[in-house]
Amino acid sequence: MDKYEHQKIEAKWQKIWDETNINKVDLKKAANPFYNLMMFPYPSAEGLHVGNVFAFVGSDVQGRYHRMNGFDVFEPIGFDAFGIHSENFALKKGTHPARMVPKNIDNFRENQLKKVGNMYDWTHEVDTTSPEYYRWTQWIFLQLYKAGYAYREKAPVNWCPSCKTVLAAEQVINGECERCSSEVTKRDMAQWFFKTTAFAQKMLDNLDWIDWSEKTKVAQRNWIGRSQGAQVVFTIDGHDESFEIFTTRPDTLFGVTYMVFSPEHPMLARIVAPEQRAAVEAYQAQVAKMTEIERQAEGKEKTGVFTGAYAINPVNGEKIPVWVSDYVLMGYGTGAIMAVPAHDQRDFEFATKFGLDIRTVISPDGQVHPLEEAYAGDGRMINSGQFDGTPYKEGIRKVTEWLAEKGLAKFQVNFRLRDWCVSRQRYWGPPIPIIYCEKCGAVPVPESDLPVRLPELENYQPDGSGDSPLKRSPEFYHTTCPECGGPAVRETDVSDNFLCSSWYFYRYPSTDFADKAFDPELTKKWLPVDLYVGGNEHAVLHLLYSRFLCMAFKEIGLVDFEEPFKRFVAHGLIVRDGAKMSKSKGNVVNPDDYIREYGADAFRVYLMFMGAYLEGGDFRDEGVRAMRAFLDRVWTNLTPGDDLQKSEPKDEETLYWLHRTIMAVGNDIQRFSYNTALARLMELLNHITKNNVRNKVVFECYLKMLSPFAPFLCEEMWRRLGHQDSVALQSWPVHVEEHTIRQTVEYVVQINGKVRAKMNLGTGLPEEEIESLVLDDERVRNWIEGKKIVKKIFVPDKLVNLVIK
RNA sequence: GCGAGAGUGGCGGAAUCGGUAGACGCACUGGCCUUAGGAGCCAGCGGCCUCUGGUCGUAGGGGUUCGAGUCCCCUCUCUCGCACCA
């Protein structure tokens, strides 16, 4: 028998699979469609990351398993190649992204993805930077615009001084840029937004039924951040001005001792008292200079300034001072709050610092106690006029209703979610297809003029001016108005890269259509996606944006479903030797090296064996070697030969191990428990080698079950057993129930819950028979001698527990 | 602070229902084979003890149960997400 030469075998089958298009699905005719999606990679110059391989292989195992179970599996892949990441890298290397990206894609496809051995249908590849693709990204922008889901507004937006562009709220992580970790500042700019907030409630509601990893749903619920309360109207004393505040605790309205406006609140300038104007303006200037991190630093001491103005409390007509402080955010609620220091910790700190009144209005026992901190616990209302004695929860409703009757309040739901800021002042993205005309205003580019091509600029550096580099190209910038034909200019911002990735899975089945983004018939047949496997780091980015877009599509009438992914499974993260992988630590796993040295199969098997797929794992070099040794043992033991038995094995043990394995491996794969599935296969191999099993049926079943994990090796061995067709196209083996049960089982005999004996007894014997056999056993007799049996527990085919006294 | 998840040998990790804790693998130890081993094969491998047996043991403490890694309560530690969100 020749040696297991992985390089030869893998190259051979990769070529044959490629040439025969073994993974191509007839999308129109498929009877039993299963859309198996994985998160398409960003084609970096460094090459495929081991985390990508881990994610993709785990997804591919599902694809292969489903195909062997009768599904027509569509498993496409593509490249998310627009975006700041590519652009920054190109800038650093001094090349042009338009020249760099195709090279990277080529490397990903030919040298990496194909070698890994996933069942990709390469006839439906997608590249977001190709005009054939981004033409439709722009078209989608226009559909949203026409339907009122896209709007342009001047607003304080997140600005990354290093990337020199604005960012969406989701792309600011703890005050830092998601891409480069620079501190983000606020900047007032006119930007394009998508109305994600229009679907806040629906996105929240649907989380109750979509089949997604719980942790992903939790992250989304958190991010959407629904809170229920009341909007209450206050008036300014001596001014003809009123303003609204949002509160979740209208029951504490009698405890309001001051009001706070956010420094950005537009009403401030009109109400501030003359003698306080200088102080307020100085404070506003000071806050404006701070970064988000400085402003939100934990434990930061409260700052603020009195405005000199007074508000009137609608519940009792009291005059209360109005302050300005940066602990009130313009972007949430109404940008102004009522402060109840007795029952809100932030207000408590502020009031303590500035010597403002603290008035208890909720008490567990009806008494006022001195407070060390705000009291947020249960209790009844006190010092609250006619509401005294009302439990606070009831008070929330009653006070709101009472004010509502007078037109001073209403029940209100607030969301933390903001609209999606999609403008980017960068070069490497799809230009936003809008033209500005002095006469006609913002005019959408006619669909027939799409794509608005991204010009090949040699000088594409962002300049931090707040304008995209595209503005520096007169040929691009100046155009004519599609409506009146007069002189006009183009929008020069490009759209957020996350827009490209919010719809790529609609495009995969429809890559053959040049005249539409996605074909309605194919979309109806293949979408929503059956299974999406990916990293949870996209819980509030890609996965949220994709849901928004799908809901907008549904409203517009482009699709008839409102959730794009029927099932989403978040895989775990992998670390190396217990530590996070990072370039600076120099402990990054380069998949190419391992694939070359041990083979893609050994690498795949190891990644899936390393730990629980949904939890992540710890990558160790010895582990890869061990998996190579495992595959070597498969290779040397499951060999063809004249000595092979052709029919089902006769001995009970072999039948038991085989059928038990078939049953377990299928179950394990279905619940993504790949490490235990492989452990089962190792056990079966141990049985085969120990007992020198030489049985063709056993070998064939074995190769089928191992093939999702080690497709190359299993294909080669399958053919050597005399087959003309691929192992990947075989049916998954079916276990026979009776073979999974042995004639005897090992009973555990417990005395008072402690294991005292183990006995091999007949399977399925009645309780009485087992009992007499157990009581006959010498060990058992020794334990119960002179004692009384007070209780007997019998678990069929498993255990007997005797309780003695 | 709030929310979610986790804590099991020297290590990675098993243990659908409450029913043999430590599957499978790594590392290690001994043996076989070998000119050689970073190969292969066989055996051992949680701690302790009076060692064919006993006893303790799944972060710590309590509880429910015939029986708890698993269920309940309290405490501690770690990871992730959100965080001055009114």
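- Straight-line distance from the CG atom of A:L614 to the C1' atom of B:C80: 15 Å, rounded to whole Å.
- Between A:R680 and B:A14, a side-chain N or O to OP1/OP2 separation shorter than 4.0 Å is absent.
- Applying the 4.0 Å criterion to OP1 and OP2 of B:A14, one finds that A:N675 has a side-chain N or O inside that range.
- The residues A:R625 and A:E597 are annotated as not salt-bridged, no charged nitrogen and carboxylate oxygen being separated by less than 4.0 angstrom.
- Look at A:R742 and A:D797 and you find no salt bridge, because none of the NZ, NE, NH1 or NH2 atoms lies under 4.0 Å from a carboxylate O.
- Using a 4.0 Å heavy-atom criterion, one finds that A:K758 contacts the bases of the nucleic acid, with or without backbone contacts as well.
- Of all nucleotides present, only B:G81 satisfies the Watson-Crick or G-U wobble test against B:C2, with each distance under 3.5 Å.
- Counted by atom type alone, A:S227 and A:N414 present zero donor-acceptor pairs between their side chains at under 3.5 Å.
- The nucleotide B:G46 finds its pairing partner in B:C56, both defining distances of the Watson-Crick or G-U wobble pair being shorter than 3.5 Å.
- Close to B:A86, at under 4.0 Å from its OP1 or OP2, lies a side-chain N or O of A:S227.
- Within 6.0 Å of NZ on A:K353 lie more than 12 heavy atoms contributed by other residues, nucleotides or ligands.
- Both distances falling under 3.5 Å, in either a Watson-Crick or a G-U wobble arrangement, occur for no nucleotide opposite B:A23.
- For B:C32, the paired nucleotide is B:G40, the pair qualifying as Watson-Crick or G-U wobble because both relevant distances are below 3.5 Å.
- Note on A:K215: every side-chain N or O is 4.0 Å or more away from OP1 and OP2 of B:U79.
- As judged by a 4.0 angstrom heavy-atom cut-off over every strand, A:Q750 is placed among the base-contacting residues.
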